*Asks:* 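Here it is: the structure, laid out below.
Computed from heavy atoms alone, side chains included, the values below leave out hydrogens, waters and symmetry copies. Sequence positions, counted from 1, serve as the residue numbers for this chain. Treat the numbers as computed from the prediction; the structure is a model and nothing was measured.
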Amino acid sequence: MPENSCKIAVFISGGGSNLQSIIDHIEQGHINADIACVISNKPNAYGLVRAQKANIPTHINDHKNHTTRESFELELIKTLDVYNIKLIVLAGFMRVLSTTFINKYHGNILNIHPSLLPKYTGLNTHSRVLEAGDTEHGCSVHFVTSDLDEGPLVIQAKVKVNKSDSPDVLAARVLEKEHIIYPLAVKWFCENRLAFKNSKAHLDDSPLEQAVLLTQDLETLLK
Ligand code: GRF
């Protein structure tokens with residue numbers, strides 16, 4: 001990987017299927033980036049195995065070994081300092097980051113959330129969508145700011161909700177779309193097409209007044 005490639009750190013807490021989709025798209029040549037490290041706050045996260053299989057350095061920073069958020073984040077920063085990281089990708093990372101941390105990496109942190117933000121910030125989005133009787137659901141990639149799940153939107157994908165769906169069935173349908181929109185957003189960032197400027201996400205130098213909506217044409221960029 002050339003020295004000037006886009007170096008990414010991926011933060012995970014669990015299965016790491018979003019991590020896997022980014023690994024796969026890098027390997028297939030759709031994204032010009034190098035995942036420099038994967039950091040998990042959970043020692044048993046399966047995403048660590050996925051990273052190791054792809055020969056990506058892994059770091060466990062268990063929040064339970066820290067008495068304060070500050071000390072947890074100082075360890076994160078120490079790890080990030082080892083690599084020349086351009087982008088932090090939160091992929092199912094279940095810890096809230098402090099404003100101090102977020103400001104340090106301002107404009108360089110992306111997150112994926114399993115809902116059509118601004119609807120359903122927080123947890124258990126799939127059950128809440130079913131309880132509300134919504135007919136449409138989806139996922140969103142956004143820049144991270146100190147307002148949880150409220151940073152500027154980049155791209156969203158929609159799925160239909162069927163009356164017979166269980167939360168797990170719906171989650172799987174949404175996850176399929178996550179595996180497309182997250183690699184796309186990472187690709188754009190690494191191509192310097194996506195940036196966070198003047199409190200807004202910009203794509204190709206134009207402010208995004210609303211999220212890009214995933215279309216079949218966009219999907220072909222990853223094929
Ligand atoms: C995804 O649904 C993501 O949107 C949410 O947590 C889940 C992580 O899945 N934040 P995985 O670990 O990438 O498989």
Side-chain angles (χ1 to χ4, degrees), residues 1-13 16 18-43 45 47-63 65-66 69-93 95-112 141-146 151-152 154-155 181-205 221-222:
M1 192 59 62
E3 251 323 284
N4 61 358
S5 72
C6 179
K7 288 205 191 300
I8 302 174
V10 183
F11 288 13
I12 60 164
S13 301
N18 279 290
L19 164 68
Q20 188 68 57
S21 79
I22 295 168
I23 291 174
D24 292 345
H25 284 293
I26 291 173
E27 283 178 356
Q28 289 158 19
H30 299 139
I31 308 175
N32 183 14
D34 171 22
I35 303 181
C37 64
V38 169
I39 304 178
S40 173
N41 67 306
K42 292 273 183 84
L48 289 168
V49 177
R50 296 181 189 271
Q52 282 150 10
K53 282 188 181 157
N55 294 317
I56 298 166
T58 54
H59 298 267
I60 296 166
N61 181 9
D62 190 341
H63 59 281
N65 295 337
H66 297 271
R69 190 195 304 263
E70 194 189 1
S71 133
F72 171 69
E73 292 184 350
L74 280 175
E75 192 173 322
L76 288 178
I77 293 168
K78 221 164 91 182
T79 305
L80 293 173
D81 280 350
V82 173
Y83 306 94
N84 193 12
I85 297 298
K86 185 169 174 197
L87 173 67
I88 297 172
V89 171
L90 306 183
F93 183 65
R95 302 303 294 171
V96 174
L97 294 164
S98 71
T99 303
T100 311
F101 183 94
I102 290 165
N103 287 345
K104 184 171 166 65
Y105 299 99
H106 177 80
N108 299 85
I109 314 178
L110 289 173
N111 184 41
I112 188 145
V141 175
H142 64 95
F143 279 106
V144 173
T145 62
S146 46
V154 175
I155 181 166
I181 64 170
Y182 218 0
L184 265 177
V186 170
K187 175 181 168 67
W188 290 337
F189 188 94
C190 289
E191 289 171 349
N192 295 318
R193 294 181 56 194
L194 175 66
F196 187 12
K197 288 187 282 192
N198 309 324
S199 312
K200 283 189 175 172
H202 284 64
L203 186 61
D204 296 329
D205 281 327
L221 293 175
L222 293 176

*Asks:* Mind checking side-chain contact (heavy atoms from CB on, under 4.5 Å) for Thr99 and listing every partner two or more places apart, or none if nothing turns up?
*Replies:* Asn103, Ser146
*Asks:* If you look at every heavy atom in Ala33 and Ile26, which pair is closest and at what distance?
*Replies:* O-CG2, 3.3 Å
*Asks:* I'd like to check the side chain to side chain donor-acceptor pair (under 3.5 Å) partners of Thr58; sequence neighbours left out, ordered by chain and number.
*Replies:* Gln52
*Asks:* For a 4.5 angstrom cut-off between non-hydrogen side-chain atoms, does Tyr182 reach Val89?
*Replies:* yes
*Asks:* Sequence neighbours left out, what passes salt bridge (charged side-chain N to carboxylate O under 4.0 Å, His left out) with Lys197? Give chain and number order.
*Replies:* Asp205
*Asks:* Could you check whether any side-chain heavy atom of Leu76 comes within less than 4.5 Å of a side-chain heavy atom of Leu97, counting everything from C-beta outward?
*Replies:* yes
*Asks:* State, to 0.1 Å, how close Arg50 and Ile23 come at their nearest heavy-atom pair, and which atoms those are.
*Replies:* O-CD1, 4.1 Å
*Asks:* Within this structure, what is the SG-CD1 distance for the pair Cys37 and Ile85, rounded to the nearest 0.5 Å?
*Replies:* 4.5 Å
*Asks:* Enter the distance from Ser21:OG to Ile31:CD1 here, rounded to the nearest 0.5 Å.
*Replies:* 7.5 Å
*Asks:* First locate atom CD1 of Ile35, then atom OG of Ser5, and finally report the distance between them rounded to the nearest 0.5 Å.
*Replies:* 11.0 Å
*Asks:* Apply side chain to side chain donor-acceptor pair (under 3.5 Å) to Glu70 and list each qualifying residue two or more places apart in sequence or on a separate chain.
*Replies:* none
*Asks:* Rounded at 0.5 Å granularity, tell me how far CG in Leu110 sits from CG in Leu87.
*Replies:* 5.0 Å
*Asks:* Donor-acceptor pairs under 3.5 angstrom involving side-chain atoms of residues 184-193: please list them, not counting sequence neighbours.
*Replies:*
| from | atom 1 | to | atom 2 | distance (Å) |
| --- | --- | --- | --- | --- |
| Lys187 | NZ | His30 | O | 3.0 |
| Lys187 | NZ | Glu191 | OE2 | 3.0 |
| Asn192 | OD1 | Lys86 | NZ | 2.8 |
| Arg193 | NE | Asp204 | OD1 | 2.8 |
| Arg193 | NH2 | Asp204 | OD2 | 2.8 |

*Asks:* Heavy atoms only: give me the nearest Ala201-Val154 pair and the separation to one decimal.
*Replies:* CB-CG2, 4.3 Å
*Asks:* Considering residues at least two apart in sequence or located in another chain, which fulfil the ring-ring contact (aromatic ring centres under 6.0 Å, His included) criterion with His66?
*Replies:* Phe72
*Asks:* What pairs with Asn55 under side chain to side chain donor-acceptor pair (under 3.5 Å), at least two apart in sequence or on another chain?
*Replies:* none
*Asks:* Ser98: which residues meet the side chain to side chain donor-acceptor pair (under 3.5 Å) condition with it, sequence neighbours left out?
*Replies:* Glu73
*Asks:* Who passes side-chain contact (heavy atoms from CB on, under 4.5 Å) against Val82, sequence neighbours left out?
*Replies:* none
*Asks:* From Ile8 CD1 over to Leu19 CG, what is the distance, rounded to the nearest 0.5 angstrom?
*Replies:* 10.0 Å
*Asks:* Is the shortest heavy-atom distance from the side chain of Phe11 to the side chain of Asn111 under 4.5 Å?
*Replies:* no
*Asks:* Are any side-chain N or O atoms of His59 and backbone N or O atoms of Pro57, one a donor and one an acceptor, separated by less than 3.5 Å?
*Replies:* no
*Asks:* Using salt bridge (charged side-chain N to carboxylate O under 4.0 Å, His left out) as the criterion, list what pairs up with Asp81, not counting sequence neighbours.
*Replies:* none
*Asks:* For Lys78, give me all partners under salt bridge (charged side-chain N to carboxylate O under 4.0 Å, His left out), at least two apart in sequence or on another chain.
*Replies:* none
*Asks:* Counting C-beta onward and ignoring hydrogens, is there a side-chain heavy-atom pair between Ile56 and Val10 closer than 4.5 Å?
*Replies:* no
*Asks:* Heavy atoms only: give me the nearest Phe196-Pro152 pair and the separation to one decimal.
*Replies:* CE1-CG, 3.4 Å
*Asks:* List in chain and number order the residues that pass side-chain contact (heavy atoms from CB on, under 4.5 Å) with Ser13, two or more places apart in sequence or in another chain; answer none if no residue qualifies.
*Replies:* Asn41, Lys42, Phe93, Met94
*Asks:* Any chance you could measure Asn65, atom CG, to Glu75, atom CD, to the nearest 0.5 Å?
*Replies:* 8.0 Å
*Asks:* Between Pro43 and Leu48, what is the shortest heavy-atom contact and its length?
*Replies:* O-CD1, 3.4 Å
*Asks:* Apply the test side-chain contact (heavy atoms from CB on, under 4.5 Å) to residues Tyr105 and Val144: give CA-CA distance (whole Å), side-chain angles for both, the deciding distance (0.1 Å), then the verdict.
*Replies:* CA-CA 9 Å; Tyr105 299 99; Val144 173; over 6 Å; no
